[in-house]
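Following: one structure in structure tokens, then a few remarks.
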Amino acid sequence: MSEETTKEKEESKPSISFIEQFIIEDLKEGKNDGRIHTRFPPEPNGYLHIGHAKAICLDFGMAQKFGGKCNLRFDDTNPVKEEVEYIDSIKEDIRWLGFDWEEREFYASDYFGKLFDFAIDLIKRGLAYVDDQPADVISAQKGTLTQPGVISSFRKRSVAENLDLFYRMNEGEFEEGSRVLRAKIDMSSPNMLMRDPIIYRILKSPHHRTGEKWKVYPMYDFAHGQSDYFEGITHSLCTLEFEVHRPLYDWLIDQLKTSDYRPRQIEFNRLNLTYTMMSKRKLLELVLEGKVNGWDDPRMPTLCGLRRRGYTPESIRRFIDLIGYTKFEAINDVLLLEHAVREDLNIRVPRVFGVLDPLKVTITNYPRDKVEEVEIINNPEDESMGKRKVPFCNEVLIEREDFMENPPHKFFRLAPGAEVRLKGAYIIKCDSFRKNEKTGVVEEVFCTYDPATRSGGGTSDKKVKGTLHWVSARHAIDAEVRLYDRLFDHEDPAGQKDDDYRKFLNPDSLKILSDCKLEPSLRFAKPFDKFQFQRLGYFCVDYDSTKDHLVFNRTVSLKDTWAKMKK
RNA sequence: UGACCCAUGGUGUAAUUGGCAACACGUCGGAUUUUGGUUCCGCAGAGUCCUGGUUCGAGCCCAGGUGGGUCAACCA
């Protein structure tokens with residue numbers, strides 16, 4: 001084997017995350033009969049965001065890679081916070097991302113019966129007790145980070161009494177907050193979560209799935225690991241903040257297990273992105289306070305927001321792939337996400353002409369009543385996408401910033417005396433222009449064209465530095481275009497101790513342009529159709545769009561080295 | 001003043017598990033280009049938080065620091 005092929009082989013070898021290494025080790029050791037079974041466990045209390053995408057890609061990705069399965073499980077143990085409306089959106093987002101849980105759609109509430117039985121079992125084994133003290137007393141008795149807790153006077157309650165009380169708790173005999181069920185573990189554990197954690201509380205709100213059946217509901221710690229166990233999950237992947245929960249997770253599994261099978265919890269770093277935040281609670285605030293226009297506002301990091309913005313599932317998966325899984329709490333540059341969409345959209349979407357801020361150009365030597373159809377390649381990256389025809393006449397519109405009366409050095413666009421190519425059509429030369437006397441604004445530019453320079457004509461080998469996009473003034477269609485910028489102007493808006501994140505809201509995060517002109521082929525564009533507006537960026541039809549009123553969202557601009565040079 | 005976790009170019013990750021610190025993004029140059037896009041080529045940028053130890057050899061193992069994160073909801 002030559003040195004080169006060895007090198008290539010090494011380079012193409014994907015690096016493996018610590019999680020994958022754990023899984024491989026477990027497989028080698030023959031754990032759980034060599035099964036791999038994961039789960040994605042959202043709480044139905046909000047919309048999924050790109051941070052969830054990171055978890056989804058891992059959970060489903062590991063299952064796929066090792067020939068296992070991944071369940072979808074709604075962690076619905078708190079009826080007061082959860083709503084059905086979120087369930088459908090969560091399912092839609094997971095499917096959109098490209099993953100399939102097949103028939104394995106589960107709910108933690110499916111296990112309320114089993115969980116209750118397990119609680120009864122713990123009570124019988126002297127491992128759980130009913131505590132009658134109010135929340136503040138229990139909390140105070142928990143001790144502090146440096147001091148051990150105090151043992152509750154109810155800890156020594158008899159099994160019979162505990163049993164009786166717990167059943168009655170569930171019959172609705174007691175008020176919310178009057179009693180809880182606690183696991184009997186260790187009040188002096190250095191891990192606060194092991195100090196007789198509350199495992200059941202009384203809640204009288206109806207549950208979206210079980211209705212009025214239950215009056216006691218399990219806490220997260222008493223539901224999650226057990227649900228994993230009931231479903232035969234082998235690897236329970238979650239974010240770093242659950243690390244301290246792992247001893248409790250394992251303790252409960254130890255009480256539950258009857259064979260060699262046991263699920264293993266592994267924690268990885270949460271996704272943080274610059275110039276945004278992932279807290280569901282804060283995202284909800286933005287929606288409620290009208291700082292954004294709903295959960296699917298294209299500035300939101302939610303999956304529905306990104307989808308509306310024009311992101312593809314492929315680009316999100318690619319991004320997730322690029323950032324990896326570690327135990328380091330990183331803050332990822334949103335630039336990498338933008339790179340990922342550009343990379344994807346570049347190869348798959350057609351190029352079109354759209355002028356956001358039109359300036360009229362009259363070609364004085366082009367016959368007034370003549371209209372030509374010029375043929376333009378849809379995507380230079382992909383021949384198979386074919387060509388289209390675009391009408392051309394003596395009046396065209398160009399981007400206002402593509403003309404300058406007094407151009408700086410290296411300005412390759414239109415200026416008095418300068419020549420540019422109108423892409424796919426002719427080379428034109430600027431002879432003069434007309435300004436509004438009062439405002440000083442340029443209102444019209446007069447050019448002459450060189451008939452020998454028609455694209456593809458081959459009768460002239462004239463070259464010019466600049467090529468502009470354009471639309472025929474007489475054929476162009478109107479559109480509204482929404483330009484988005486980052487929602488916050490601080491890299492880490494939610495991480496500033498002394499400042500509320502609202503202080504960093506970017507006032508220019510949305511710019512609406514209502515006077516844009518597009519080439520006529522866009523007339524029948526449908527919501528979510530994606531295009532590259534030549535020289536400008538990637539745009540996606542918004543669902544606000546109607547037959548008479550086209551609306552586009554800018555997904556991301558093209559890289560702009562000229563803009564960089566100007567700075 | 002506790003327990004647990006973490007620390008590698010600007011950012012995010014990698015390093016065949018103790019053997020020449022690599023990749024991506026970003027940056028800067030150049031070539032190509034009927035998109036100042038794309039593509040291609042190249043430069044710069046860390047000696048791996050600190051101190052010590054083990055070792056022929058340490059980013060990796062050990063000890064002690066420093067810095068950061070998580071944990072004291074009847075939330076998940």
Side-chain angles (χ1 to χ4, degrees), chain A residues 10-11 13-17 21 41-43 45 75-78 80-82 108 131 134-135 138-140 142-149 176-182 189-195 198-203 216-217 219-221 223-224 238-247 267 269 274 280-281 322-333 335-340 342-343 346-347 351 376-377 379-381 410-413 420-425 427 453 455-456 463-469 532-537 557-565:
Chain A
E10 276 172 11
E11 276 172 1
K13 188 182 73 184
S15 64
I16 284 181
S17 74
Q21 292 185 32
E43 183 187 14
N45 68 345
D75 223 332
D76 56 350
T77 55
N78 186 352
V80 312
K81 280 175 65 185
E82 294 145 8
D131 196 325
I138 291 179
S139 167
K142 231 166 198 169
T144 66
L145 299 176
T146 52
Q147 291 167 314
E176 283 188 14
S178 64
R179 280 177 173 80
V180 290
L181 184 70
R182 294 229 253 169
S189 168
N191 184 340
M192 301 288 292
L193 281 143
M194 299 297 272
R195 321 242 263 228
I198 293 170
I199 56 178
Y200 261 99
R201 78 291 210 185
I202 301 170
L203 248 28
V216 292
Y217 289 89
M219 297 287 290
Y220 164 83
D221 285 304
H224 199 98
C238 62
T239 47
L240 248 23
E241 65 270 27
F242 291 100
E243 215 154 17
V244 284
H245 290 247
R246 191 171 358 123
E267 311 85 10
N269 62 341
T274 53
K280 262 195 218 173
R281 198 199 84 228
L322 250 17
I323 61 175
Y325 298 87
T326 68
K327 302 192 75 163
F328 175 68
E329 294 204 43
I331 171 149
N332 291 274
D333 200 328
L335 248 42
L336 191 58
L337 213 211
E338 292 177 349
H339 164 77
R342 286 196 188 101
E343 188 179 52
N346 177 49
I347 56 172
R351 270 92 237 227
I376 298 180
I377 290 172
N379 188 346
E381 306 296 317
K410 286 197 168 170
F411 183 78
F412 302 146
R413 309 179 186 184
V420 295
R421 173 173 290 280
L422 294 178
K423 184 164 175 87
I427 290 177
T453 59
S455 288
K463 295 264 185 200
V464 286
K465 284 268 180 125
T467 301
L468 306 185
H469 62 282
Q532 184 195 100
F533 285 10
Q534 198 101 190
R535 299 211 302 136
L536 298 175
S557 67
L558 251 31
K559 277 205 218 163
D560 189 349
T561 53
W562 169 243
K564 224 180 274 172
M565 281 168 72

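Just so it is clear, the model here is predicted, and its values are computed rather than measured. Naming: A, B, ... by sequence-line order, numbering from 1 per chain.
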Side chain of [X], base of [N]: donor and acceptor closer than 3.5 Å?
| X | N | result |
| --- | --- | --- |
| A:Thr326 | B:U13 | no |
| A:Glu338 | B:G26 | no |
| A:Gln532 | B:U35 | yes |
| A:Arg413 | B:G36 | yes |
| A:Arg535 | B:U35 | no |

- Message: Using 30° and 60° as the class boundaries, would you call the ring planes of A:Tyr220 and A:His245 parallel, tilted or perpendicular?
- Response: perpendicular

Provide the Watson-Crick or G-U wobble partner of [N], both distances under 3.5 Å; none if there is no partner.
| N | result |
| --- | --- |
| B:C71 | B:G2 |
| B:A15 | none |
| B:G52 | B:C62 |

- Nearest-nucleotide 5' precedence on RNA chain B, A:Thr144 against A:Pro190: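 Residue closer to the 5' terminus by nearest nucleotide: A:Pro190.
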
- Message: Judged by each residue's nearest nucleotide on RNA chain B, which is more toward the 5′ side, A:Gly456 or A:Asn78?
- Response: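 Residue closer to the 5' terminus by nearest nucleotide: A:Gly456.
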
- Could you tell me whether the phosphate oxygens of B:C4, OP1 or OP2, come under 4.0 Å of any side-chain nitrogen or oxygen in A:Lys327?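 No, because none of the side-chain N or O atoms of A:Lys327 sits under 4.0 Å from OP1 or OP2 of B:C4.
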
